[in-house]
Amino acid sequence: MINLFDASEVNVRSLRYLIASTRGHCGRCGEETRLVALCLPPGHEVFELDEDAPDEVNDGFWSSFPRHVLLFHVNYLPDAVLRRLHQATPSYDFDPSDEVSCWANHCEHCGRAQDDNELFCEPEGAFLPASAAGARLIRLVAVDEPLEAGAAGFAYEPEYFDAMVRG
Ligand SMILES: [Zn+2]
């Protein structure tokens, strides 16, 4: 299941998180490049607006989700989390060129920002594997630190999630 939100501030939080890493081919130059994504474990919370409430009291509420989620279209990240991501790949960087500015993987060869829609929403995208074998190319490393972020894209336990490699 994939949800898309309009988010520009912190709207997701978790007591711990995971860094998903894999490799993919750049959408421009075709060279192989490292890719990372944030994953939150069951129990993470997402800020939701109460659609039934009148506008003047509509300040929303935090909901807990019982499944893993991969975040994309990330537009806010604390520095501590960014440093962790940079340990996996230094080419994860802010992309102001996108119509909605957000953090993105960049090609290690040509520098091009990689499109989150292709990575997370297209079948056989780097983070949307179409087989268990494809999922085994993705490694999940747990980080026992809290996280707050702003994200517009949520991919809840994509198919073959259990086949991703832990540790
Ligand atoms: Zn490239």
Side-chain angles (χ1 to χ4, degrees), residues 1-8 10-28 30-48 62-77 81-82 84-89 91-93 95 98-100 102-108 112-167:
M1 183 176 73
I2 291 172
N3 287 336
L4 284 170
F5 288 99
D6 181 15
S8 56
V10 168
N11 68 337
V12 62
R13 64 188 186 186
S14 181
L15 294 175
R16 55 193 67 84
Y17 61 98
L18 303 99
I19 292 178
S21 58
T22 188
R23 290 176 166 275
H25 291 278
C26 170
R28 178 163 70 180
E31 294 286 330
E32 194 176 79
T33 186
R34 288 178 290 178
L35 302 166
V36 289
L38 286 171
C39 178
L40 304 184
H44 69 273
E45 294 184 309
V46 177
F47 191 76
E48 299 186 294
W62 290 95
S63 292
S64 179
F65 283 78
R67 289 184 292 161
H68 285 86
V69 65
L70 291 169
L71 301 180
F72 59 103
H73 293 311
V74 174
N75 31 40
Y76 169 75
L77 274 181
V81 176
L82 186 60
R84 293 280 186 188
L85 291 170
H86 279 170
Q87 287 169 3
T89 171
S91 59
Y92 190 82
D93 202 357
D95 176 23
D98 197 346
E99 52 194 47
V100 243
C102 60
W103 292 92
N105 286 283
H106 288 67
C107 175
E108 294 172 286
R112 171 69 164 263
Q114 306 295 300
D115 184 345
D116 272 0
N117 289 328
E118 290 180 12
L119 298 181
F120 293 90
C121 305
E122 294 291 327
E124 299 190 53
F127 290 107
L128 188 55
S131 65
R136 283 194 287 271
L137 300 175
I138 299 171
R139 176 173 292 271
L140 294 169
V141 175
V143 179
D144 196 13
E145 296 172 4
L147 169 147
E148 283 189 334
F154 294 77
Y156 282 96
E157 291 190 5
E159 206 171 357
Y160 305 110
F161 183 83
D162 289 343
M164 294 179 188
V165 177
R166 267 65 174 176

- Is Ser91 close to Arg34 at the side-chain level, that is, under 4.5 Å between some pair of heavy atoms? no

- Between Arg13 (side chain) and Asn11 (backbone), is there a donor-acceptor pair under 3.5 Å? no

- Looking only at heavy atoms, the pair that brings Leu40 and Arg16 closest together is CD2-O, 4.4 Å

- Query: Looking at Pro129 and Gly134, what are the two nearest heavy atoms and their distance?
  - Reply: CB-C, 3.7 Å

- Message: Would you say that Val81 contacts Tyr17 through its side chain, given a criterion of any heavy-atom pair below 4.5 Å between the two side chains?
- Response: yes

- Correct closest heavy-atom pair for Asp95 and Ala113 would be OD2-CB, 3.4 Å

- Hey, what's the ring geometry for His68 with Phe161, parallel, tilted or perpendicular (30° and 60° as the breaks)? tilted

- Item | Qualifying residues under side-chain contact (heavy atoms from CB on, under 4.5 Å), relative to Ser64, sequence neighbours excluded | Glu45

- Query: Can you name the side-chain contact (heavy atoms from CB on, under 4.5 Å) partners of Thr22, sequence neighbours left out?
  - Reply: Leu35, Ala126, Phe127, Leu137, Ile138

- Closest non-hydrogen contact found for Ala151 with Asn75 is N-OD1, 3.8 Å

- Not counting sequence neighbours, which residues clear side chain to side chain donor-acceptor pair (under 3.5 Å) with Glu124? List them please. none

- Looking only at heavy atoms, what is the nearest atom pair of Met164 and Arg166, with distance? O-NH1, 2.8 Å

- Query: When you look at CD of Glu159, are more than 12 heavy atoms from neighbouring residues, nucleotides or ligands closer to it than 6.0 Å?
  - Reply: no

- Yes or no on side chain to side chain contact (heavy atoms under 4.5 Å, CB included) for Thr89 and His106, after CA distance, side-chain angles and deciding distance? CA-CA 9 Å; Thr89 171; His106 288 67; over 6 Å; no

- Task: Carefully, step by step, assess Val10 and Phe47 under the rule side chain to side chain contact (heavy atoms under 4.5 Å, CB included).
- Result: CA-CA 8 Å; Val10 168; Phe47 191 76; over 6 Å; no

- Item | Smallest separation among heavy atoms of Glu108 and Thr33, with atom names | N-OG1, 2.9 Å

- Task: For residues Val12 and Phe154, determine if any side-chain heavy atom of one lies less than 4.5 Å from a side-chain heavy atom of the other.
- Result: yes

- Leu128 side chain reached by Phe120 side chain, heavy atoms, under 4.5 Å: no

- Message: I'd like to know if the side chain of Glu31 and the backbone of Cys26 have a donor-acceptor N/O pair within less than 3.5 Å.
- Response: no

- Knowing that exactly one of Asp116, Val36, Leu77 qualifies, which makes a side chain to side chain contact (heavy atoms under 4.5 Å, CB included) with Trp103? Leu77

- When you look at Cys39 and Leu70, which way does the side chain to side chain contact (heavy atoms under 4.5 Å, CB included) test go after all the steps? CA-CA 4 Å; Cys39 178; Leu70 291 169; 3.7 Å; yes

- Message: Rounded at 0.5 Å granularity, tell me how far CG in Leu82 sits from CZ in Arg84.
- Response: 12.0 Å

